[in-house]
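All chains are named by letter (A, B, ...) in the order of the sequence lines, taking the proteins before the strands, and each is independently numbered beginning at 1.
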Amino acid sequence: MANAQPSLTHLQRLEAESIHIIREVVAEAERPVMLYSVGKDSAVMLHLARKAFYPSPPPFPLLHVDTTWKFKAMYDLRDQMARDSGMELLVHRNPEALERGINPFDHGPLHTDMWKTEGLKQALDHHGFDAAFGGARRDEEKSRAKERIFSFRTASHGWDPKTQRPELWNLYNARKSRGESIRVFPISNWTELDIWQYIHLNNIPIVPLYFAAVRPTYEWGGQIFMADDIERLEKVLGRKLDIVDRSIRFRTLGCFPLTGAVESTASTLTEVIQETLLTSTSERQGRVIDKDGGDASMEKKKQQGYF
Amino acid sequence: MTDPVYRTEALIAEDIDAYLRQHERKSLLRFITCGSVDDGKSTLIGRLLYDSKMIFEDQLAALEADSKRVGTQGQEIDFALLVDGLAAEREQGITIDVAYRFFATEKRKFIVADTPGHEQYTRNMVTGASTADLAVILIDARKGVLTQTRRHSYLAHLIGIRNIVLAVNKMDLVDYSQQVFDEIVADYAAFAQSIGIADFTAIPISGFKGDNITGASAFTPWYQGPSLIDHLEQVEINDMADLAKPFRLPVQWVNRPNLDFRGFSGLIASGHIRPGDAVRVLPSGKTSTISRIVTLDGDLDEAVAGQSVTLCLADEIDCSRGDVIAAANTPPQVADQFEASLVWMDDAALHVGRAYWLKLGTQMVSVTIQQPKYAINVNTLERLAVKTLELNGIGVAELATDKPLVFDPYEDNRALGSFILIDKISNHTVGAGMLHFSLRRAQNVHWQAIDITREMHASLKNQKPAVLWFTGLSGSGKSTIANLVEKKLHLMNRHTFLLDGDNVRHGLNKDLGFTEADRIENIRRVGEVAKLMADAGLIVITAFISPFRAEREMVRAMLPEGEFIEVFIDTPLADAEARDVKGLYKKARSGTLKNFTGIDSPYEAPDSPEVRIDTTRMSPEEAADEIIRQIIPFD
């Protein structure tokens, strides 16, 4: 083609769109917050927020809805990123779940429900946040593909896919009625590859668990898990674990007893990207959460208030 | 011919850095697919994802299982199941909402807005089209150009999409007949020309079998043009056009970390900018020059349309969210009355005369819309005379904003000519529009500066002006109490004037009836008169049912903060009906009087009135005293 090259690449365009969205929320919401899960999508979202407001720090706090079961490396990076960005870090742990000792082994789906779904609602209500940024992407899952960038929740945090507001051009309607709150997804239009490439180009710090290394592991239900805290695992399970050292990495990060690892030797970012592109299973398969409840499980979880 | 998928895969395996460099340079094309389920739209998108290897093995396994269970293609893979995301859609086999899909080829990354085809989803299609560079219009080769083809083409053209692809699908079911294809293309060409589509690209395809999707099909040797993917990779993207336009940056946020830095953040809507360039800030018209273009990665020498940046100006001039920084010599226009195309998106029809929020770029103003000049029948493209626009209605109307808007006509600049309309009570997005031009009367009517100010009028009367806005059901006692209040204020040497509902309808508003639109206009005029009288320094008392919250809020917004005092005369409907001084309830109950508040037209009680009078607990005399007791402290 004789055509001149377009002025911007797709990543520059996605970056500009995300920054525009983040600034709109700050301009129109009363009390915004950024949900920070410490994963690679959160890392990109936080970087975009810093770009949006430079030289000011982002004018909102980070909120980590903790389950006490995250990988240790995640807590380390979380605290470091909060320091580096100059943002306030709020950590919320559902006190009821803490008191009842809710864990993924004894309580199954209740673990996600109480720590994450209920924990998130409590934190938003407690601080009175009216807009919360989340790092979800439309390519992750079928019902996400239809969710708006500005997604409204009722006072009880429910999502109704049938009453979504139309979103035209880049005009976002952030006006809300009393009690309503907004979830905003600034990286809706990014794909997994875009995220990796952007991390690569901008040298964004991510949790080392995304890179392969020899780590202590055990098998459970046909998947490999990392024994991040062997003592605690054995105490909850009431038995000795069969620990085997394997070279593993993670495609997605959450609670360590719920996040399956993949065997891999990809120890650099480009090797990880290479392996991701050549691999043949989709990203969310490492997560147990999408599978309980069949076909429409994510749609259902969101209607109940899951992010 | 080498399959592009395998070429890419080999590159990833052998030289990941080279692959990443290639991917990094990809441009982005956004497109929309228009057509209904029957045209094979979802199948086509599923096919694009499949052929560009965006489907992983686990998804494929799930897809195969789903295809056998609920698919419509027998034992073969039903690609449509990949893209119909909501449970309701999968059960009913339809697409309800706009879904966004992503795939990439060697040259480009694509975002597809997948929208439903039926007429009741016109708003969804317009939503998907608003961000698209290109539209793929699907036609079933067995059926040819249908009403829906015309509708989709019209809407795509209305939103300003200049790249149209006519994908004649299901060619496998017409034996790949060139004659069938040529006839459809000729038919479509005649129609396209009639609505102003200058050019389009027609491609014979089969989404189901994969013909002419990624490469030339062996079954259509008579077709010499590009495959669908080839065309999507090569077509020119809108941003090149935006770059050539004059510079515009709607200010989103003022960046003020300390006293030494003041930057203006926003997304560049069009053109390009360099330090030293002369700019004008609209609507004030003040000029300055760009001193810096600031980003986290360092200052830039140049920034272009599509980038989010922060600009610093050489001079300390007023500039805040809603202002537009523009090229000094080619600034956008500023006006408060316009003609625009509107698309109505809410279940409740447009209320002519009611105030809505209008968001254009980063500007948010109050707007009222006139009765449409005409609506378009999207199937026949006829112009219809209408009183309003219903859900999915499209028309042309005049509108007036309460503050001047900085704008360009939509056809010159999408970002400065497009707007959404927001209901002030529900906060829903109820409509979208595209500005055509400003009205001559807005260009020629200017505010005349007057030397005697409203403060001077008021101080001569030794009082603070106010509008006591009585609202309540017919027969609640508004007029009686308002009359007593005025008498008492008069005795207190206050300068007052009482505007009564019935009296005004004998003169100023005698041309108005009792339809919803007329009632809104009635209140608007009374509000304007009350405002003029308050400007003259008077204490204005009004007694109107004024049943709609939105209109009372409209009048409140006309007046300075604190001058609008809403007095709610709260009477149960049963009490008012029992009194029925004028016999109106009786008429309404018998059906001889239509649109009567409380009977067949709603009364929206105030949420937080300044004064609330419970008539079941006090006499009119006591009520008047109570009102004066509550309002006099402001004096």
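Taking both residues in full, the closest heavy atoms of B/Pro257 and A/Pro55 are given as CG-CG, 3.9 Å, listed atom of the first, atom of the second, then distance. B/Ser130 and A/Leu168 get closest at one heavy-atom pair: OG-CA, 3.4 Å.
For B/Arg123, no part sits under 4.5 Å from any heavy atom of chain A, backbone or side chain. Looking at B/Ile425, the atoms closer than 4.5 Å to chain A (heavy atoms on both sides) all sit in the backbone: N, CA, C or O. Contact of B/Asp17 with chain A is made through the side chain alone, with heavy-atom distances under 4.5 Å. Looking at B/Ile268, there are no atoms closer than 4.5 Å to chain A (heavy atoms on both sides), in backbone or side chain. Residue B/Val309 touches chain A through its backbone alone, counting heavy-atom pairs closer than 4.5 Å. Proximity to chain A is limited to the side chain of B/Phe261, based on heavy atoms less than 4.5 angstrom apart. Both the backbone and the side chain of B/Ser265 have a heavy atom closer than 4.5 Å to some heavy atom of chain A. Using a 4.5 Å cut-off between heavy atoms, B/Lys359 touches chain A through backbone and side chain atoms alike. For B/Thr362, the part lying near chain A is the side chain, with the backbone staying farther off; criterion is any non-hydrogen pair under 4.5 Å. With a threshold of 4.5 angstrom between heavy atoms, B/Ile420 approaches chain A through its backbone and through its side chain. In this structure, chain A has no heavy atom under 4.5 Å from any part of B/Ala129.
Of all the listed residues (A/Glu28, A/Arg50, A/Glu180), the one sharing the greatest number of non-hydrogen pairs under 4.5 Å with chain B is A/Glu28.
One finds a salt bridge joining B/Asp297 and A/Lys51 here, because a Lys/Arg side-chain nitrogen approaches an Asp/Glu carboxylate oxygen to under 4.0 Å.
For A/Gln197 (side chain) and B/Leu20 (main-chain N/O), a donor-acceptor pair under 3.5 Å exists by modelled atom type.
The CD atom of A/Gln164 sits 11.0 Å away from atom OG1 of B/Thr127, with the distance rounded to the nearest 0.5 Å. With values rounded to the nearest 0.5 angstrom, B/Asn255 atom CG is found 8.0 Å from A/Arg23 atom CZ. Interatomic distance, A/Leu201 CG to B/Glu24 CD, rounded to the nearest 0.5 Å: 4.5 Å. Between the CD atom of B/Gln363 and the CG atom of A/Leu171 there is a distance of 11.0 Å, given to the nearest 0.5 Å.
A donor-acceptor contact closer than 3.5 angstrom links the side chains of B/Gln252 and A/Glu24.
Side-chain contact check for A/Leu193 versus B/Lys109: every heavy-atom pair is 4.5 Å or farther apart.
The ring of B/Phe419 has its center no closer than 6.0 angstrom to the ring center of A/Trp169.
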